[in-house]
Amino acid sequence: MTADAAPGTAEETQHVDVLVVGAGISGIGAAYHLKEQFPGKSFVILDALDARGGTWWTHRYPGVRSDSDLFTFGYGFKPWRGASIAASEEILAYLDEVIEDNDLGDRIRYRHRVSAASWSSEEKRWTVHVTREDTGESLRFTTDFLWMCQGYYDHSRPHRPQWEGLDRFRGQVVHPQQWPVDLDYAGKRVVVIGSGATAATLVPAMAQEAAHVTMLQRSPTFFFARPRTHELANTLRALDVPDEWTHEILRRAYIAEGDEITRMSKEAPEELRAFIIESMRPLLPEGFDIDKHFNPTYRPWQQRLALLPDGDLFTAIREGQASVVTDTIDTFTETGIRTSSGEELEADIVVTATGFDLSLFGGSPSPSTGSRSTLPSGSPGAA
């Protein structure tokens, strides 16, 4: 690739043994293993974003953090040294260390969006068409192995349900995936629609500055409060145990705990339900209606358990900074939301924590049809 080509012109074809699409957790991990296990192979990482990190780069909402522990979420070759539950800034710093420690920076091409890919059985290779979004150049790569590590979210189009009366609302409506950098919610009334991992992160984070935050959910979610840092990690670090040992021990501890919860969810779901419910009770205000707001109709692990580091959501509720409403939306009004039971929720800001749309293969279109998400996953040399 040449840096001085005119925008819109086709470049010479560049061939690499492996072409990795995506410079997030998966893509950077793939690059490390390629370099370690196949030092003679050439490879390049393409990413449409401005920097590394994928979801951890695009998601900028308050409090954004992991919703699983970094000892199992992190790399086996790179010991995690921080708290078990980490903020996005810590995860990005971790990725930066991996890139720097393994000299991967010169392998990554940012703002390179895959526009089409096709497999040739005759040539036994992929041809990948790429657009440089900073210059408009059209590039072309060929590769023997196309490794799709682009994740599964459509970063440009979040999931946005349509509600009656939304156009009447005089306040501001935002989605976590497209968080305005200048959003001022200090002293404002906020309603967060949803009760998944994103909502569980947003509510306590916003409650620190907002006048009040209401989490509006159609149905309850199982929430599980855990320490942000595992007590075993503190013990091992106090004993000067090597980081590699600490990482592996904590990883095994978290996996064992997860296995036990999974086993109970299948073999003794009502016992596990009772355990989760009772673990919430002392963390919530006296008389709080746990059955209505935090006791789902489904058994544990039919949907994910939402992790609350240090029980932060419960703390916000207990201190009166946040509340929960379990109901459906009848309509938006000029000043907020009216629920199906007739309750009026006044709001200056409504956050639609309603999830993300999936994007198969990063939405790359077929070169023959132009339709989105049609890369042939069964083709040889594709992963």
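Atoms considered below: every heavy atom in the structure, side chains included; atoms not considered: hydrogens, waters and symmetry mates.
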For residues [X] and [Y], report the shortest heavy-atom separation together with the two atoms involved.
| X | Y | answer |
| --- | --- | --- |
| Ala199 | Gly194 | CB-O, 3.2 Å |
| Thr143 | Asp17 | OG1-O, 3.1 Å |
| Leu283 | Arg318 | O-NH1, 2.7 Å |
| Tyr110 | Ala23 | CE2-CB, 4.2 Å |
| Leu95 | Gly53 | CD1-CA, 3.8 Å |
| Leu146 | Ala117 | CD2-CB, 4.3 Å |

Donor-acceptor under 3.5 Å ([X] side chain, [Y] main chain):
| X | Y | answer |
| --- | --- | --- |
| Arg299 | Ser265 | yes |
| Asn102 | Leu104 | no |
| Arg273 | Pro296 | yes |
| Thr221 | Ser195 | yes |
| Thr354 | His159 | yes |
| Thr131 | Glu133 | no |
| Gln217 | His293 | yes |
| Arg125 | Glu122 | no |
| His247 | Trp80 | yes |
| Asp67 | Ala197 | no |

Just wondering, are more than 12 heavy atoms of other shown residues or ligands nearer than 6.0 Å to [atom1] in [X]?
| X | atom1 | value |
| --- | --- | --- |
| Glu286 | CD | no |
| Phe38 | CZ | no |
| Tyr298 | OH | yes |
| Arg252 | CZ | no |
| Arg237 | CZ | yes |
| Glu248 | CD | yes |

Worksheet entry | The single option from Gln178, His175, Gln177 passing side-chain hydrogen bond (donor to acceptor under 3.5 Å, both in side chains) against Arg160 |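 By the side-chain hydrogen bond (donor to acceptor under 3.5 Å, both in side chains) criterion, Arg160 pairs with just one of Gln178, His175, Gln177: Gln178.
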Is [X] salt-bridged to [Y], going by a charged N under 4.0 Å from an acidic O?
| X | Y | answer |
| --- | --- | --- |
| Asp96 | Arg52 | yes |
| Arg111 | Asp50 | yes |
| Arg338 | Asp330 | yes |
| Lys78 | Asp101 | yes |
| Arg226 | Asp69 | no |

Hydrophobic cluster membership, [X] vs [Y], 4.5 Å side-chain cutoff:
| X | Y | result |
| --- | --- | --- |
| Phe294 | Leu308 | yes |
| Met264 | Ile255 | no |
| Tyr61 | Val191 | no |

Worksheet item: Between Tyr75 and Tyr32, is the ring centre distance below 6.0 Å?
Response: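 Tyr75 vs Tyr32: aromatic centres not under 6.0 Å.
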Worksheet item: Would a line drawn from the ring center of Phe356 to the ring center of Tyr152 be shorter than 6.0 Å?
Response: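 No, they do not, as the ring centres are separated by 6.0 Å or more.
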Item to complete: Check the pair Phe288 / Phe314 against ring-ring contact (aromatic ring centres under 6.0 Å, His included), numbers first and verdict last.
Response: CA-CA 11 Å; Phe288 185 89; Phe314 296 151; 8.2 Å; no
Practice prompt. Answer yes or no for Arg60 and Trp57: cation-pi contact, defined as NZ/CZ to six-membered ring centre under 6.0 Å and angle to ring axis within 45°.
Written response: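 Checked: cation-pi criterion met.
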Looking only at side-chain N and O atoms, does [Y] offer a donor or acceptor that is under 3.5 Å from a partner on [X]?
| X | Y | answer |
| --- | --- | --- |
| Arg140 | Thr13 | yes |
| His129 | Ser115 | no |
| Thr58 | Tyr153 | no |

Worksheet item: Can you list the steps and then say if Arg81 with Asp243 is a salt bridge (Lys or Arg N to Asp or Glu O under 4.0 Å)?
Response: CA-CA 7 Å; Arg81 297 177 174 87; Asp243 289 332; 2.6 Å; yes
Practice prompt. Could you tell me whether the side chain of Tyr185 reaches within less than 4.5 Å of the side chain of Glu209, counting heavy atoms only?
Written response: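 A side-chain contact under 4.5 Å exists here.
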